[in-house]
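To find a chain, count down the sequence lines: A is the first, B the second, and so on, and within it residues start at 1. Heavy atoms only: backbone and side chains are in, while hydrogens, waters and symmetry mates are out.
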Amino acid sequence: MSATAAALRPAEANDPACAHCGAPTPRGGRFCCTGCAAAFETIQGLGLGRYYRQRVLDPDRRAPRPDDGAPRRDLTAHVVSQPDGTQALSLAIDGLQCGACVWLIESVLARDTRVLTGRVNMTTRRLRLVWRGAAEDAAALVGRIEALGYRLIPFEPGALAAAQDRRGVELIRALGIAGFAAGNVMLLSIGEWAGLMQDMGPATRALLHWITALLALPAIVLAGRPFFASAIAVLRRGRTNMDVPVSLGVLLVAGISLADTFADGNHTYYESALMLLFFLLLGRVLDHRARFRARATAEQLLALRGAMVTVRLADGTLEPRRPEAVAPGEHVLVGMGERIGIDGVLEAGETTLDASLVSGESLPVAASAGAAVFAGTLNLGPPITIRATATGGATLLAECARLIEAAEARRGRFVLLADRIARGYVPVVHVTAATAFAGWMLAGATTGQALLIAAAVLIVTCPCAVALAVPAVQVIAASRLFRAGILLKSPTALERLAEVDRVVFDKTGTLSEPALALEPVAEADRPALQEAAAMAVTSRHPLARALVAAVGPVAAADGVTEHPGQGLSCGAARLGSAGFCGVPGGQGSELWFTRPGHAPLRFGFVERPREDAAAVVATLARLGLAPLVLSGDRPGAVERLARAVGVAQWEAGLSPPGKLARIEAMAASGHRVLMVGDGLNDGPALAAAFVSASPASAADISQTVADLVFQGEHLAPVTRALTMARRARRAMRQNLVLALGYNVVMVPLAAAGWVTPWLAAAAMSASSLLVMGNSARLWRVRW
Amino acid sequence: MVVILYLLGISLTMGSLGLALFLWSLRSGQYDDLDGAAERVLFEDE
């Protein structure tokens with residue numbers, strides 16, 4: 001013990017970095033822990049040392065440090081045996097930093113002769129593993145990667161994600177076809193326009209028209225399908241969206257051009273129709289990519305935590321199972337430091353539970369046999385047995401789920417800016433085209449001439465710029481937010497965020513850090529703290545983890561024994577509960593540390609506001625959005641934290657329906673509320689709010705309900721998302737003004753019959769580029 | 001002016017070839033991981 005203590009000292013900024021994970025190494029060694037040393041050895045041994053030279057470590061992401069204490073999972077249940085005798089497994093990867101990680105994982109897998117395919121998808125952060133052999137080999141293969149510091153979680157290739165991908169492929173295919181056809185048709189059209197200025201013969205022109213038609217018509221049908229399908233779908237429901245005028249314009253223009261080709265006229269607009277499709281599809285593809293990525297990442301975050309529960313069968317055997325597969329009445333074992341996966345009743349034993357994610361209560365509560373426990377609660381005490389109760393009964397989860405459903409049903413459907421514009425814009429366009437047609441007919445033009453002019457009106461008004469005005473902005477805003485770790489899950493979230501005029505925070509886990517923090521320790525007690533941390537390193541208990549987190553990386557002491565639910569011993573030294581250490585019990589969350597010859601030492605743990613919570617509250621106040629705190633915790637705790645971060649208004653002791661009622665009252669008085677919360681008890685309030693956000697540490701149900709999910713330790717994503725949303729709304733409006741201005745100039749020209757095909761094509765491209773260029777300014781927004 | 005026919009034929013054949021290649025690359029999953037593709041170019045194959 002004393003040898004360990006002598007070697008220990010606090011980590012300092014100028015300590016050398018661990019050669020594997022990059023964390024400071026307090027003892028001046030090359031590695032911060034034995035796991036990292038082993039990982040380094042493995043990588044060098046395989047001759048993959050280039051990994052260290054080529055990687056770029058992102059301090060905001062989880063360092064690739066092997067975690068010996070990570071729960072072991074039974075993977076065989078997830079392995080799919082394929083007809084050709086190979087085994088396949090899909091896994092989500094946590095800890096991917098950059099391309100070097102991808103290379104390292106794939107190279108390590110390639111060295112294993114059993115592995116047929118080991119491919120990492122960096123976009124979705126998933127690994128697809130196919131090998132020859134037994135399903136049980138999965139543990140060994142996955143173990144090799146986990147030993148390098150990554151975490152792998154079996155992932156069910158969900159039905160939703162697969163369907164999403166198909167849509168992405170369909171859009172890219174349509175884009176490719178539109179691009180090919182638009183390019184070639186444009187080539188021919190330029191030849192034709194040049195011919196018009198010289199003296200192209202009618203036969204040559206007709207030939208060009210026919211070839212153009214043969215290229216353009218099938219391409220329009222294939223590339224236009226996403227628009228036609230969407231337009232038909234909304235028309236069936238008696239509404240319109242931007243796809244209606246796009247579809248109508250493209251089809252009318254194609255029809256008129258075909259008629260003109262038959263009649264051997266000199267105005268075909270195939271290239272305009274195709275270019276329109278190409279530009280719009282480009283927007284759709286980017287939009288889909290941004291959204292798909294955000295949703296895939298959000299799914300991943302939940303999957304990463306999707307823990308198995310341990311069911312104890314009647315004959316005493318233990319079986320890992322997914323929480324939803326547990327039947328009421330079955331017994332579930334929950335180890336120390338494990339999160340309870342199901343709702344139930346505590347069968348036997350006494351324990352301490354951390355219900356902060358469920359009720360917002362920041363201090364652990366004692367529970368004894370017969371107490372109701374809820375999924376999401378953390379077991380701080382000894383291993384307990386829970387009898388599962390029926391979900392859908394009177395459980396808190398079921399109650400919250402019901403409240404959420406009701407709140408979502410009451411919340412009005414938000415109409416996107418683009419769709420609101422479409423409602424006004426579409427009739428105007430069609431009436432203008434019809435008027436131009438009628439006017440020219442009355443003025444004595446032939447039906448063909450009048451139709452052509454009507455088509456020209458449709459083409460120039462065809463909402464190329466209008467239809468791009470909103471999506472172009474959304475794509476860039478969503479991508480920027482994604483890079484900052486903010487996942488926009490709902491397509492309307494950005495526009496709703498821009499209209500927020502009230503911000504409501506939950507306290508526990510939202511304004512405060514999800515984990516408890518060590519209270520300041522007197523300078524004289526620092527050496528003792530180091531010793532205690534060296535013991536605590538071996539434990540998964542949340543308080544032990546908090547103790548280690550406060551000290552920084554330390555080497556584990558030798559010979560530590562864990563006494564579940566009580567504490568740790570190492571020789572004569574003890575670290576644990578008051579009872580375990582033989583001292584009178586204190587209050588709140590605490591660990592006691594006793595050694596022979598020293599007075600017992602108490603380490604207290606408190607809730608600490610997120611590092612930047614006060615700054616975020618100040619920024620919100622500057623934006624005119626003074627926040628309000630609604631908490632389920634006790635008034636004292638709420639007041640203390642509210643004061644610490646500078647929030648003037650707060651309410652404590654609120655039940656889930658209480659929070660819901662407060663949010664709905666604010667909505668009824670005309671406020672547009674942004675609710676930020678993480679607990680199960682925040683779920684209904686999140687669903688009722690105008691727009692909602694959750695940290696990635698939130699309860700599953702809250703994360704599912706929230707419109708945006710933000711990753712990382714900070715609260716700044718809330719203000720960043722608000723700033724970006726407001727800038728995006730401004731850019732959208734500018735774009736719409738630009739697009740409408742273009743129409744004001746071009747429509748009279750078209751109605752007067754002065755717009756030739758080449759002028760229409762040029763004007764359309766110019767306006768689209770203008771709108772995209774204006775949107776691109778969002779890349780430079782500072783926050 | 002027969003030359004136009006040759007040129008049209010050649011350009012359309014080349015264009016169609018490009019389109020076919022694009023559809024093939026799409027089908028073989030080369031657009032599934034664009035972020036990864038951007039990084040993979042920096043590393044040698046093992």
Flag the pair A:Arg119 and B:Asp32 as a salt bridge only when some basic side-chain nitrogen lies within less than 4.0 angstrom of an acidic carboxylate oxygen.
no

Contact origin within A:Asn184 toward chain B - heavy atom pairs under 4.5 Å:
side chain

Is there a side-chain contact between A:Glu170 and B:Leu26, using heavy atoms and a 4.5 Å cut-off?
no

Contact class of A:Ala100 relative to chain B, heavy atoms under 4.5 angstrom:
both

For A:Leu215, is it the side chain, the backbone, both, or neither that has a heavy atom closer than 4.5 Å to a heavy atom of chain B?
side chain

Region of B:Leu34 in contact with chain A, defined by heavy-atom distances below 4.5 Å
both

Looking only at heavy atoms, what is the nearest atom pair of B:Asp35 and A:Met122, with distance?
O-SD, 4.2 Å

Answer whether the closest heavy-atom distance between the side chains of A:Phe180 and B:Ser16 falls below 4.5 Å.
yes

To the nearest 0.5 Å, tell me how far B:Phe43 CZ sits from A:Arg50 CZ.
7.5 Å

Do A:Gln54 and B:Glu39 come within less than 4.5 Å of each other through their side chains, counting heavy atoms only?
no

Could you tell me whether the side chain of B:Leu12 reaches within less than 4.5 Å of the side chain of A:Ile211, counting heavy atoms only?
yes

Separation between OH of B:Tyr31 and CG of A:Leu175, rounded to the nearest 0.5 Å:
9.0 Å

Mark yes when over 12 heavy atoms from residues, nucleotides or ligands other than A:Arg114 sit less than 6.0 Å from its CZ; otherwise mark no.
yes

So which heavy atom on B:Asp33 is nearest to which on A:Val120, and how close?
OD2-O, 3.6 Å

So, the part of A:Ile172 with a heavy atom under 4.5 Å from chain B: the answer is both

